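No experiment lies behind these values; they were computed from the predicted model shown. All chains are named by letter (A, B, ...) in the order of the sequence lines, taking the proteins before the strands, and each is independently numbered beginning at 1.
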Amino acid sequence: MTEPLAPQYDPAAIEAPLYARWQAQQLYRVPADHPGEPYVVQMPPPNVTAVLHAGHGLNNTLQDVIIRFERMRGKRALWVPGTDHAGIATQNVVEKLLAKEGLTRFDIGREAFVERVWAFVHETGGSILKQLEALGTSCDWERTYFTLDADLSRAVREVFVTLHEEGLIYRGKYIINWCPRCLTALSNEEVEKEEADGRIWHLNYPLADGSGHLVVATTRPETMLGDSGVAVHPADPRYAHLIGRMLTLPLTDRTIPIVADDAVEADFGSGAVKVTPAHDPTDFEIGRRHDLAVFDVMTDDARMNDTVPERFRGLDRFEARKRVVAEFEELGLLVKVETHRHAVGRCYRCDTVVEPKLSDQWFVRMQPLAEPALAAYRDGRLRFLPERQGDNYAMWLENIRDWCISRQLWWGHRIPVWYCDTEGGGCGRTSVSRTDLDACPECHGPVRQDEDVLDTWFSSWLVPFSSLGWPEETADLKAFYPGATLVTAPEILFFWVARMIMAGLHFRGEVPFRTIYLHGTVRDTQHRKMSKSLGNGIDPLEVIDRYGADALRYTLVSGMAVGTDVILDPADLDASFAPGRNFANKLWNIGRFLLGHLGPDTPKLADVAEADLTLADRWILARAEATVVEVTGQYGKFRLNDGAAAVYHFLWSDLADWYLEQIKPRLYGTQPGGETAKAVAAHVLDLGLRLLHPVMPFITETLWQRLPHSPADDSISVQQWPVPGDARADAQALAEFGAIQEVIGAIRALRAEYAVAPGQRVNLTLADASPVVQRAIAVEEETVRRLAKVDNLQLGAAPAGASGTVVLDDGTVVIVPLGDLVDIDKECARLGGEATKLEGLVRSQEARLANPQFVDRAPPAVVAKEREKAAAWAAQAIALREQCRALRCRDQN
RNA sequence: GGGCGAAUAGCUCAGUUGGUCAGAGCGCCUGCCUUACACGCAGGAUGUCGGGGGUUCGAGCCCCUCUUCGCCCACCA
């Protein structure tokens with residue numbers, strides 16, 4: 001792999017072959033006995049049916065940057081990939097496919113359906129992992145897991161049975177969230193609340209004895225068919241006399257009692273609440289307290305069932321609502337309708353309005369699991385980035401509710417519970433078992449396994465240890481648990497992150513990771529989340545195809561500050577990915593130019609005599625040193641964007657714009673010292689490439705392999721991370737070459753201002769040159785001549801004739817005689833203007849320094865600094881005025 | 001209803017403990033195809049740092065308040 005670089009940067013041509021090579025070399029394979037301190041990152045397992053989207057791209061890029069950085073730092077860096085069986089999501093996908101054949105899952109039956117899903121998963125599932133490869137992800141693919149694999153299933157079962165034994169899993173009849181489209185229960189977290197403008201109907205319920213009526217307010221009139229009471233607040237004087245009396249429930253032949261309950265808010269609505277125990281969690285509790293009857297009036301798909309009067313049966317809940325309201329109106333029992341803003345819960349998978357439903361489900365008692373998880377946060381064992389996310393975490397744990405884990409689905413881990421039915425002549429025993437049961441352990445009669453499966457998250461909350469072989473005490477488990485950092489989106493903080501922490505503490509006694517980096521979301525220019533339905537998504541594969549994975553990665557990383565979103569314009573990929581695309585192209589050309597001059601004979605920096613180093617050499621080495629410190633610090637703080645920006649600046653501005661320009665004559669052989677320049681250039685490019693490698697792995701590898709001293713068949717991704725001392729700190733070189741840059745900049749600005757033809761050479765006089773400038777010019781005069789196209793260069797007094805002038809911060813006066821190009825009056829006006837500005841600054845500065853409050857209270861260092869500033873400005877202003885006078889004076893001669 | 005966050009150049013955002021902090025990238029303007037790169041080079045313009053008050057010798061940076069967005073949580077039917 002050492003052919004010369006192609007003239008054109010073609011990411012497609014380098015990326016895929018490199019990835020294949022890394023895989024073949026098993027660079028990211030991490031056995032348990034791998035050297036180094038462990039650093040483990042668990043990839044948030046994408047849904048097995050998922051297609052790569054921008055969110056995956058961002059999430060996995062960030063993880064890859066972190067893992068590559070830590071790997072190069074000598075850690076035993078392991079990144080564990082996997083996929084999630086994604087119960088509801090996957091089942092929905094396959095059901096849709098079936099629907100195209102005109103079939104439902106009930107038509108083909110459970111066994112055939114599950115087979116069908118497996119076939120689908122084997123056929124198309126997991127392709128997202130292939131897509132991740134295009135990003136350059138350096139995970140250990142040999143460890144790829146699937147949450148329905150036998151070993152992870154075993155862990156799931158072990159956890160279920162253990163928690164059950166500990167009394168932390170129970171079954172019971174409660175109001176749960178029910179999705180009438182998916183036909184399953186959902187956990188609280190799986191319901192997305194959405195504020196919506198709704199209505200609230202005030203309905204008249206007549207007293208049974210005809211002596212009056214009571215008005216109830218409801219947002220869901222259709223549920224009145226299931227009412228079994230009306231509740232008022234015990235201390236509400238309006239209704240005190242009615243407590244205990246009976247009402248006739250309209251549209252039905254039922255009589256229901258009026259009860260008093262603290263749960264009622266007297267101020268809201270009419271102060272009287274209709275109680276529907278089967279269709280509302282609060283009502284369920286009220287019903288329990290007052291022993292009210294329970295009327296479930298809906299089918300699983302949210303139609304009115306046979307318990308309601310015939311004319312309502314079969315009606316969808318929203319149809320039924322209209323019908324009920326209409327009938328109340330006809331009967332003159334509709335008092336009023338008001339608009340009302342309230343939260344509506346929707347299924348997070350299909351967006352259907354969730355129905356509170358009374359049913360038998362399995363739950364995990366969360367309080368005992370939440371307490372240690374909260375303690376781990378409070379005592380600092382967990383760290384959130386951004387920090388404020390920790391409050392979210394704590395708040396959720398403090399108000400935790402039991403977790404409904406059973407799902408009425410077919411795709412997932414079947415609940416390991418077997419019933420010995422009494423109707424079948426059995427003993428009625430319920431068996432919770434680690435192994436499949438064929439017969440009742442008690443009476444040896446036939447058993448029936450629970451029909452339900454477990455919530456998808458009941459397997460993914462275990463992956464920090466189940467992916468490492470648990471419940472076996474494997475070498476992997478010892479070597480890689482606990483992990484170091486979790487990188488994910490805040491959306492799954494409760495679904496996944498918090499639960500992993502609870503499971504980790506409960507089953508392993510340690511938090512599964514220490515740092516939780518919750519990154520932002522990729523959004524469009526209107527700040528909308530990218531989604532398929534909005535059609536505003538960016539396809540990472542298309543971006544990779546057009547600009548390369550490196551360009552995608554750099555753009556994402558550089559746009560991602562901790563705690564912020566990344567905004568990209570899906571309609572303008574060119575503009576969106578310009579930063580990464582431009583930078584990658586620049587790097588390619590830096591490589592093409594520099595590597596073309598380097599060869600096997602290029603000396604190592606260590607073999608270059610100190611005395612041979614020019615100021616420019618020392619300067620770029622000092623810049624490299626500073627960049628090593630900066631980038632290492634920023635990556636270490638997960639400020640990946642700041643780290644990336646620092647390398648960007650080093651490679652583009654310092655190396656390409658200045659150093660490479662400076663050494664050209666030495667490279668071309670028109671000046672001596674070529675070998676030294678090559679050695680320095682090779683050295684700092686090597687450092688820069690290492691620092692950039694975590695962000696742009698492909699192009700850095702490509703260039704690095706062509707550096708003179710890179711071992712053959714080696715990879716930059718397993719090289720050592722640069723450390724301070726790899727280059728060298730040199731404040732003097734920074735200052736002196738900085739002065740050269742200032743002088744050149746001043747000349748260029750003058751040239752531009754006076755429209756000096758690009759090829760035209762000018763003369764230069766440096767008056768009042770500071771010591772730093774003098775020292776710098778003594779050794780880099782040629783650089784100034786060449787980069788600013790200067791002919792004669794002299795230190796001393798201003799020459800005769802019209803000239804342009806710039807006064808540098810250190811007082812050095814840069815004078816470029818420009819003859820006819822200069823309009824003396826204009827130049828004087830310009831200089832005078834600048835002088836006036838400076839004099840203004842000096843005056844305000846002097847006022848400040850004359851203020852005893854400031855001089856006494858501000859730290860001496862600050863005061864001294866302000867004094868220096870004032871002096872420097874004053875000197876500059878004087879120099880400007882002086883130049884103006886000199887200009888007019890010379891003009892007269 | 002509660003909690004949290006954000007408002008800085010045309011756009012997307014940095015600005016970590018108050019004293020060169022008014023910055024970067026993209027876009028824009030001017031001039032250049034200078035034998036690595038026009039996805040480039042050189043130069044340049046642009047901001048009462050959301051409004052108002054306050055603390056301080058000194059405030060994008062701290063406090064109060066208002067306005068506008070966003071996120072999370074929530075059993076007032």
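- At the heavy-atom level, A:Ala656 lies under 4.0 Å from base atoms of the strands shown.
- In this structure, A:Ile744 and A:Asn641 both approach RNA chain B, and ranking their closest nucleotides by distance from the 5' end singles out A:Asn641.
- Of the C1' atoms belonging to B:rG47 and B:rG10, the separation is 11 Å, rounded to the nearest Å.
- Ring orientation note: the planes of A:Trp396 and A:Phe494 are close to parallel, at an angle under 30° on the 30°/60° scale.
- Geometric assessment of A:Lys664 against the ring of A:Phe593 yields a positive cation-pi assignment under the 6.0 Å and 45° thresholds.
- The same atom, C1', is picked in B:rC72 and in B:rC13; the two are 23 Å apart, to the nearest Å.
- Judged by distance alone, the side chain of A:Arg706 and the main-chain N or O of A:Thr702 form a donor-acceptor pair under 3.5 Å.
- Phosphate proximity of B:rG15 to A:Arg639: present, with a side-chain N or O under 4.0 Å from OP1 or OP2.
- Judged by distance alone, with hydrogens and angles left aside, the side-chain atoms of A:His290 form no donor-acceptor pair with the main-chain N or O of A:Glu285 at under 3.5 Å.
- Where RNA chain B pairs in unbroken runs of 3 or more (Watson-Crick or G-U, both distances under 3.5 Å), the stems are B:1-7 with B:67-73, B:10-13 with B:23-26, B:28-32 with B:40-44, B:50-54 with B:62-66.
- Rounded to the nearest Å, the gap between the P atom of B:rU65 and that of B:rG2 is 14 Å.
- Nearest-nucleotide assignment on RNA chain B puts the 5′-proximal partner with A:Lys869, out of A:Asn582 and A:Lys869.
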Completion exercise
Protein heavy-atom contacts under 4.0 Å, written 5' to 3' over nucleotides 67-77 of chain B as B (base), S (sugar-phosphate only) or - (none), form the string -----SSBBBB
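- Between A:Trp652 and B:rC41 there is a side-chain N or O to OP1 or OP2 distance below 4.0 Å.
- Annotation: A:His202 is not in aromatic contact with A:Phe328 [ring centroid separation under 6.0 Å not met].
- Atom P of nucleotide B:rA38 and atom CZ of A:Phe593 are separated by 15 Å, given to the nearest angstrom.
- Set against B:rA42, B:rC13, B:rA36, the side chain of A:Thr564 has B:rC13 as its closest nucleotide.
- Atom-to-atom, NE2 of A:His649 to P of B:rA14 comes out at 20 Å; the value is rounded to the nearest Å.
- When the C1' atom of B:rG15 is taken as reference, atom CD of A:Gln634 falls 12 Å away, rounded to whole Å.
- Distance NZ (A:Lys789) to C1' (B:rC41): 10 Å, rounded to an integer number of Å.
- Between the OH atom of A:Tyr648 and the P atom of B:rA14 there is a distance of 18 Å, rounded to whole Å.
- Taking atom C1' on both nucleotides, B:rC71 is separated from B:rC75 by 22 Å, rounded to a whole Å.
- In this model, the phosphate group of B:rC41 is approached by a side-chain N or O of A:Lys586 to a distance below 4.0 Å at OP1 or OP2.
- Contacts of A:Glu866 with the nucleic acid, taken as non-hydrogen atoms under 4.0 Å apart, involve only primed sugar atoms and P, OP1 or OP2.
- Rounded to a whole angstrom, the distance from the C1' atom of B:rG58 to that of B:rG19 is 7 Å.
- The distance between atom CG of A:Asp574 and atom P of B:rC39, rounded to the nearest whole Å, is 10 Å.
- Comparing B:rC29 with B:rC39, their P atoms are spaced 16 Å from each other, to the whole Å.
- Evaluation of atom-type donor-acceptor distances gives a pair under 3.5 Å for the side chain of A:Glu661 against the base of B:rA36.
- Residue A:Ile699 contributes atom CD1, which lies 12 Å from atom C1' of B:rC39 at whole-angstrom precision.
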Under 3.5 Å, which donor-acceptor pairs do the side chains of residues 648-657 of chain A form with other protein atoms, sequence neighbours left out?
| from | atom 1 | to | atom 2 | distance (Å) |
| --- | --- | --- | --- | --- |
| A:Asp654 | OD2 | A:Arg623 | NE | 2.6 |
| A:Asp654 | OD2 | A:Arg623 | NH2 | 2.9 |

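- Among the atoms of the strands shown, only primed sugar atoms or phosphate atoms (P, OP1, OP2) are found under 4.0 Å from some heavy atom of A:Ile567.
- With A:Glu195 contributing its side chain and A:Arg341 its backbone, the two residues share no donor-acceptor pair below 3.5 Å.
- Across the protein-nucleic acid pair, A:Trp588 atom CH2 and B:rA38 atom P stand 15 Å apart, rounded to whole Å.
- Using a 4.0 Å heavy-atom criterion, one finds that A:Phe284 contacts no nucleic acid atom at all.
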Practice task
Determine, stepwise, if the pair A:Arg346 / A:Glu194 fulfils salt bridge (Lys or Arg N to Asp or Glu O under 4.0 Å).
Solution key: CA-CA 7 Å; A:Arg346 291 174 182 277; A:Glu194 187 188 292; 3.6 Å; yes
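- The P atoms of B:rC49 and B:rA22 are separated by 13 Å, rounded to the nearest whole Å.
- Shown here is A:Arg199, whose CZ atom has no more than 12 heavy atoms of other residues, nucleotides or ligands within 6.0 Å.
- Spacing between B:rC41 and B:rC4 at atom P, rounded to whole Å, works out to 47 Å.
- Among the nucleotides B:rG43, B:rA14, B:rC39, the one closest to any side-chain atom of A:Asp642 is B:rA14.
- Residue-level contact check: A:Arg581 touches the bases, meaning some heavy atom is under 4.0 Å from a base atom.
- Donor-acceptor pairing under 3.5 Å is lacking for the side chains of A:Tyr174 and A:Asp402.
- Salt-bridge annotation for A:Lys274 and A:Asp283: absent, with no side-chain N of the basic residue lying under 4.0 Å from a carboxylate O of the acidic one.
- No side-chain heavy atom of A:Tyr547 sits under 4.5 Å from any side-chain heavy atom of A:Leu552.
- A glycosidic torsion no more than 90° from 0 defines the syn conformation; B:rG53 lies beyond that range and is anti.
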